[in-house]
2 protein chains.
Amino acid sequence: MTTGRVAQRRAATRAAILDAAWELAHESGLGEIGMRPLAAKLGMAASSLYEYFSGKDAIYDAMFIQGNEALRDEYRHLRDADKTNPREVLIDAARRFIEFCDADHARFQLLFQRSIPGWQPSAEAYAIAVANLEEMRGHMAYIGIADDASADMWTALTSGLASQQVANDPGGDRWLRLVEEAVDMFLTTRGVDE
Amino acid sequence: MTTGRVAQRRAATRAAILDAAWELAHESGLGEIGMRPLAAKLGMAASSLYEYFSGKDAIYDAMFIQGNEALRDEYRHLRDADKTNPREVLIDAARRFIEFCDADHARFQLLFQRSIPGWQPSAEAYAIAVANLEEMRGHMAYIGIADDASADMWTALTSGLASQQVANDPGGDRWLRLVEEAVDMFLTTRGVDE
DNA sequence: GTCTATACACCGATAGAC
DNA sequence: GTCTATCGGTGTATAGAC
């Protein structure tokens, strides 16, 4: 499993391409990533990009994976945290999720909205997103909320708060500051004591 | 204010173009509307489209307006309904909104997600969307929920339910059936008796 | 008004030389 | 691996016949 120097070089170039793609996404919008501008940013010919990615869709796919890995790392904090207080766990989870979404609008669009015409994540990429959802369900089960309806209500509540925050008050806290209230509201109808 | 025969003919052609655009959006996706395919669907030359719309963005704009007018019509049912029972009003509003979103995925993307690269609704088009939000806030004020935080919580809750329903169970009821529970949850923390 | 024809600048993708 | 050249497509625009 030793990655040779060639493979390392290849991986480094792939990483550089993805970094430049994120830059373009932040500058001009997620949908405005073009192969030629992307190549220009890296000082290479557009056709050379196809040496590292099979096409534009594969670049979006790799970005989708990177974004979900970042979310997974965010959830790792939950795993390591003290989980004796369900209310605190959920508040922490919701805050982290909303802040994660608001921190990078392009990433939010890529991960949670179907924002690129004609593009869909590959099965492999989607699997990571599913694993993240499963991790969140695991945390909820741990604090005593295990039924499907509650999990669905939680995803609706947190994704709603996040999407409103990102779309209507980016960088602010108009919905972020509703997290405590939302969690209390959620818990009081769930038979879990605070 | 009498619209002459020429103006009527013009309006009819404009409407036909928008109908064809919606068809294309349903067939191939909202972002895949092309001027040449659109013209072909209507049996006209692509250049003739510019006689009726200044460009592709103007077509998206007109579609955005049509979508928001449809939502406004949906809210008219609320205005005409018996509003003595707050719980029933909110359940009806949430159900109608989720069903409205799920009924037309392309319309949902256009109205509530920034799904077309580089496109934004014009100020005139956006005003209708704002008016719809105001109408919803008016209904909530009528049943005794007037504070901003509650209105924000309501938009987060309903938009979250709708987006989850559309994205993860289109045509189904996995989140739609949570509406009663969501409304009860919302009301019990709002000091409004059922 | 609507058509054809043409032009421009861009796009993703590919072929083939080096 | 990287390049140049090219293909067919796009949105947009214009000229000019009917």
Side-chain angles (χ1 to χ4, degrees), chain A residues 3-18 20-25 27-64 110 115-122, chain B residues 3-25 27-64 110 114-122:
Chain A
T3 50
R5 280 198 294 266
V6 256
Q8 275 191 10
R9 186 87 198 84
R10 233 188 112 76
T13 307
R14 271 181 65 100
I17 291 171
L18 294 179
W22 282 115
E23 271 185 55
L24 265 181
E27 287 163 18
S28 321
L30 183 67
E32 309 288 308
I33 299 175
M35 297 301 267
R36 267 169 269 241
L38 178 55
K41 212 178 230 310
L42 291 151
M44 53 172 28
S47 59
S48 298
L49 292 172
Y50 291 86
E51 193 70 26
Y52 299 94
F53 293 96
S54 65
K56 201 185 174 181
D57 287 2
I59 294 178
Y60 280 127
D61 219 61
M63 294 170 77
F64 182 88
L110 181 64
S115 196
I116 290 103
W119 178 79
Q120 290 203 81
S122 66
Chain B
T3 50
R5 280 197 294 268
V6 255
Q8 276 191 9
R9 185 86 197 84
R10 233 188 113 75
T13 307
R14 271 181 64 100
I17 291 171
L18 293 179
D19 286 349
W22 282 114
E23 270 185 57
L24 266 182
E27 289 163 16
S28 321
L30 183 65
E32 310 288 309
I33 298 176
M35 297 300 267
R36 273 170 264 241
L38 177 56
K41 211 180 230 312
L42 291 151
M44 54 174 20
S47 61
S48 299
L49 292 172
Y50 291 87
E51 194 71 28
Y52 299 93
F53 293 96
S54 65
K56 200 185 174 183
D57 287 2
I59 295 178
Y60 280 128
D61 218 61
M63 294 170 78
F64 183 87
L110 181 64
R114 291 286 166 264
S115 197
I116 291 103
W119 177 79
Q120 289 203 82
S122 66

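What you are looking at is a predicted structure, and each value in this text was computed from that prediction instead of being measured. Protein chains get the first letters and strands the later ones, always in sequence-line order, with residue 1 at the start of each.
Following rounding to the nearest Å, B:D61 (CG) and D:dG11 (P) show an atom-to-atom distance of 17 Å. Atom CH2 in B:W119 sits about 16 Å away from atom P in D:dG11, given to the nearest Å. Atom CG in B:L24 sits about 14 Å away from atom C1' in D:dT10, given to the nearest Å. Atom pair B:I59:CD1 and D:dG11:P shows a separation of 10 Å (rounding to whole Å applied). Spacing between atom OH of A:Y60 and atom P of C:dA13 amounts to 11 Å, rounded to whole angstrom units.
Between A:Y52 and the phosphate of D:dT2, there is a side-chain N or O to OP1/OP2 separation shorter than 4.0 Å.
Side chains of B:Y52 and B:I59 form no contact here, defined as non-hydrogen atoms less than 4.5 Å apart. Side-chain contact between B:E51 and B:M44: absent, with no pair of heavy atoms (C-beta onward) separated by less than 4.5 Å. Between B:F53 and B:R14 there is a side-chain heavy-atom pair separated by less than 4.5 Å. Within the 4.5 Å cutoff, no side-chain heavy atoms of B:S115 are placed close to those of B:L110.
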Which side-chain N or O atoms in residues 32-40 of chain A pair as donor and acceptor under 3.5 Å with protein atoms at least two apart or in another chain?
unit_1: A:E32; atom_1: OE2; unit_2: B:G118; atom_2: N; d: 3.4

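Distance from the side chain of A:K56 is smallest for C:dG12 among the nucleotides D:dG1, C:dG12, C:dT2.
If you check residues 32-50 of chain A against DNA chain C, the residues with a heavy atom closer than 4.0 Å are A:I33, A:G34, A:M35, A:R36, A:P37, A:S47, A:Y50, listed by number. If you check residues 7-18 of chain A against DNA chain C, you find no residue with a heavy atom closer than 4.0 Å.
Using a 4.0 Å heavy-atom cutoff across all strands shown, B:F53 reaches no nucleic acid atom at all.
In terms of the side-chain contact (heavy atoms from CB on, under 4.5 Å) criterion, residue partners of A:A45 (sequence neighbours excluded) are, by chain and number, A:S47, A:S48. Residues that satisfy the side-chain contact (heavy atoms from CB on, under 4.5 Å) test with B:R9, not counting sequence neighbours, are B:A12, B:T13. Shown here are the side-chain hydrogen bond (donor to acceptor under 3.5 Å, both in side chains) partners of A:S54, two or more places apart in sequence or in another chain: there are none.
Among all heavy-atom pairs drawn from B:A16 and B:L42, the shortest one is O-CD2, 3.6 Å.
Checking B:S54 against A:V6, the closest nucleotide of DNA chain D that is more toward the 5' end is the one next to A:V6.
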